[in-house]
Amino acid sequence: MRFLIAFLFVFCSFSAFSQVLTKEDSLTAGLIRSNNTTVISGYGQLKTQYDFRLKTANTELTRNVLFVGHRFKNNIYFFSEMELENAKVVGGKASGEISMEQLFLKFNINRSTYLQAGLFIPRIGIINENHLPTTYNGNDRPFVETFVIPATWREIGVGLYGSINTVPGLNYSVAVLSGLNSANFTNDTGIVNGRMEGASSASSSIALTNAWLLYAGDWRIQASWYYGGSAGPKRQADSLHLQSGPFGIPVALAEANAQYHGRNGFSLRALVTGVSIQEAGKINFAYGKNTPQNMYGAYIELGYNFYKLINPTSAKNLTLFYRQEAMDLGLTRAKNYGEDNDVNRRFYSVAGITFQPTGGVIVKVDYVMRNTGDRNPALLATQFPRALPYYSSNGFFNVGIGYSF
Amino acid sequence: MTSEGKTRREFLKDACTACMGVSFLGISLSQLTSCSPFPVYKTDLSKKIVTVPLSSFGESTMVIVRDMQVIYDVLLVKKSDQVYDALYMRCTHQENPLTATKTGLFCSAHGSRFDLDGNVLKEPALAPLKKFKTELQENQVLIDLNS
């Protein structure tokens, strides 16, 4: 009996102590006046993919992200996210990657306006800001928001965020960021590799971006644009006859998206985007690349949460979804300096099931059908059969888990 | 004047113009936030108990209880003539201030949504909103901020 009482005492003490350490309690304790709170949380995902053409499975710890935040004052915060992709980083070998996904200070100006300064993700697209694996269907982030709009596209800069209360649900953001470097653009990944991502890199390019976001009922509607230079360092740009300066070799991007998340269990996501690099010909002439002049991407996703049939108020999630994506990373090419490459015209059909037994935990099963045009043989240095064949149609089966806490 | 010096000036000029533009836009837009879609009752949230007169609801079923010195508001929701809920308008994901609409609350930063009971409708937020005890006394709602 004494042992039982002692055990209960220790257990209760531990439980009470544990409660003090949880994120939610530590943040809400003291309500308004408490300062100097540090929070650790994170998210991550793993997946196994089976390639039906190669008849091979690939298993990976896609990413693990550690979040550390700190409140200095009630209106000044620190946020950081450090990401490890593919489990490990080995010197001198092709392996994973460690990077800072975000690192910024946030200053609350008033209850509806705040300012961010540092390395942060601007409000462009859906996945960019809301990239936790528990917030989207499928093991892979939408491909349009990976290749046309780079996923987790972060740059160093200053951003102002706020809401306009005269129009309920209307929010805005405007930011000044470091620009891109066109020297790193590649033909099959658009502008993705031209990002600075906070790494020390000589450049004189800057960019502006602006987003408008409206919450209306169960809808979330957003439109945003980006305009920035990509000429790179001035000396390099000048020597290559590229127009230097903050907005030299400009890249323009625009997107609009809508999301519906109904209490009836239905959900919808749709996004359309376009990218324009009007001086792509100069980039190609300078670097011997095949940068396209225009790109586009669009997708629509429909889903239904079957838990709503059993219990309309349930927080659990068992969603069957279908997503159709289309993109062309070489919609138009630069005159004189550029080659058509039909492989960049891609269509993805994704169908699957998302299961959330509780908030923050997700199990995903999906099938991805990828269809593309054929490769341009003129762009291949090594021809078949010395090079691996390319399948313009291929299927992938994915099983994965994700978490966020 | 070297071409490099000129470019440096141009860069600084463009960067400063862009920053000033952002600041001007922010200040301009901030002016538009003076109005609110719901009645606002201004009080001192450092008190343990806050008293909100029922007359502050007007025709609305919700009142935003605000302290100008504090970044987060409290949303007082009239469920019935006898029942009132007080929700702390701070997102449980990354502490962003929430915006209230007739159908619920949302966070513009990462898309979390809550219903008017404070329950999570959409992640990334995992925990429900902090709820304060309320008590109806004559023509006033008492909110216990220490609850």
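Fair warning: this is a prediction, and the values are worked out from it, not measured in the lab. Below, chain A is the first sequence line, B the second, and so on; all start at residue 1.
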Can you tell me how far the [atom1] atom of [X] sits from the [atom2] atom of [Y], to the nearest 0.5 Å?
X: A:Tyr172; Y: B:Ser108; atom1: OH; atom2: OG; value: 10.0 Å
X: B:Thr99; Y: A:Leu170; atom1: OG1; atom2: CG; value: 10.0 Å
X: A:Ile362; Y: B:Glu123; atom1: CD1; atom2: CD; value: 7.0 Å
X: B:Lys122; Y: A:Thr135; atom1: NZ; atom2: OG1; value: 6.0 Å

Looking at chain B, which one of [options] has the largest number of heavy-atom pairs inside 4.5 Å, strictly under?
options: A:Gln222, A:Lys106, A:Gln259; answer: A:Lys106
options: A:Asp218, A:Leu213, A:Leu132; answer: A:Asp218
options: A:Arg220, A:Glu129, A:Arg263, A:Gln356; answer: A:Arg263

| request: Under 4.5 Å heavy-atom distance to chain B, tell me which part of A:Asn171 shows up: side chain, backbone, both or neither. | output: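 Side chain only.
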| Quick one: what part of A:Tyr114 sits under 4.5 Å from any heavy atom of chain B, side chain, backbone, both or neither? |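 It is the side chain, since no backbone atom gets that close.
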Quick one: what part of [X] sits under 4.5 Å from any heavy atom of chain A, side chain, backbone, both or neither?
X: B:Leu121; value: both
X: B:Ala109; value: both
X: B:Asn96; value: both

For [X], does the [atom1] atom sit with more than 12 other heavy atoms under 6.0 Å from it, leaving out its own atoms?
X: B:Asn139; atom1: CG; result: no
X: B:Lys79; atom1: NZ; result: yes
X: B:Lys131; atom1: NZ; result: yes

| task | Taking the side chain as every heavy atom from C-beta outward, state whether A:Arg71 and B:Glu95 have any pair of such atoms under 4.5 Å apart. | result |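 When only atoms from C-beta onward are counted, B:Glu95 and A:Arg71 do touch, with a gap below 4.5 Å.
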| query | Just by distance, do the side chain of A:Tyr215 and the backbone of B:Leu105 share a donor-acceptor pair under 3.5 Å? | reply |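 It does not hold such a pair.
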